[in-house]
Undergrad: 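To start, I am sharing the structure in question, which I have written as structure tokens.
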Amino acid sequence: DPMSGFFCTTKTVLKRGEGRINPIGFKIGLELMVRCECKSVADVPITFQDRVAGESKLTTKQNFLYLMQLAGLYLDRHPLKSSLLLLLVALLCTLIVSYLFY
């Protein structure tokens with residue numbers, strides 16, 4: 001579950017991502033899978049129960065930041081040939097974030 005924040009890996013895998021990991025938010029597992037080039041991922045089932053205290057941190061802003069992270073990870077794996085296009089995408093994202101959240 002990418003939102004639970006529970007995962008494990010080895011030092012060897014972490015070493016592959018050295019200098020490239022950008023741990024933002026609570027999606028660090030996804031970040032490590034992509035930037036450390038994990039060869040295999042195993043899903044270990046966990047049982048969720050109804051929340052007894054507090055409230056979810058999954059807000060509209062978090063969903064938007066998640067999409068931004070996915071875009072960044074995609075660009076990391078599949079670099080764009082045109083730096084101008086990357087600049088335009090970054091500018092557009094900055095404008096959207098500024099409009100929606102500030």
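For the single chain, residues carry numbers from 1 onward in sequence order. Quick note: numbers below take in every heavy atom, side chains included, and nothing from hydrogens, waters or symmetry partners.
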Undergrad: Which residues pass the salt bridge (Lys or Arg N to Asp or Glu O under 4.0 Å) test with Lys15, sequence neighbours left out?
TA: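 Checked Lys15 against salt bridge (Lys or Arg N to Asp or Glu O under 4.0 Å); matches are Glu18.
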
Undergrad: About how many Å separate CD of Glu37 and CG of Leu32, when rounded to the nearest 0.5 Å?
TA: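 Here the rounded value is 12.5 Å.
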
Undergrad: When you group the ILVMFWY residues by side-chain heavy-atom contacts below 4.5 Å and let the links chain together, are Leu91 and Val97 in the same group?
TA: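 Result: no, two separate clusters.
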
Undergrad: For a side-chain contact (heavy atoms from CB on, under 4.5 Å) check, start with the C-alpha distance between Cys36 and Thr9, then their side-chain angles and the critical distance, and finish with the verdict.
TA: CA-CA 10 Å; Cys36 296; Thr9 190; over 6 Å; no

Undergrad: Tell me if a side-chain donor or acceptor on Arg35 pairs with a main-chain N or O of Arg20 at a distance below 3.5 Å.
TA: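 Between the backbone of Arg20 and the side chain of Arg35 there is a qualifying donor-acceptor contact (under 3.5 Å).
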
Undergrad: Please set out all donor-acceptor pairs under 3.5 angstrom arising from side-chain atoms of residues 44-53, sequence neighbours excluded.
TA:
none

Undergrad: Between Gln69 and Leu65, is there a side-chain heavy-atom distance shorter than 4.5 Å?
TA: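 Counting from C-beta outward, Leu65 and Gln69 never come under 4.5 Å.
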
Undergrad: Got a second to check how far Arg16's CZ is from Lys39's NZ, nearest 0.5 Å?
TA: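 Spacing of CZ (Arg16) from NZ (Lys39) equals 5.0 Å.
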
Undergrad: Are Val13 and Ile21 joined in one hydrophobic group, where the rule is that I, L, V, M, F, W and Y side chains link up if heavy atoms are under 4.5 Å apart?
TA: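 Result: no, two separate clusters.
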
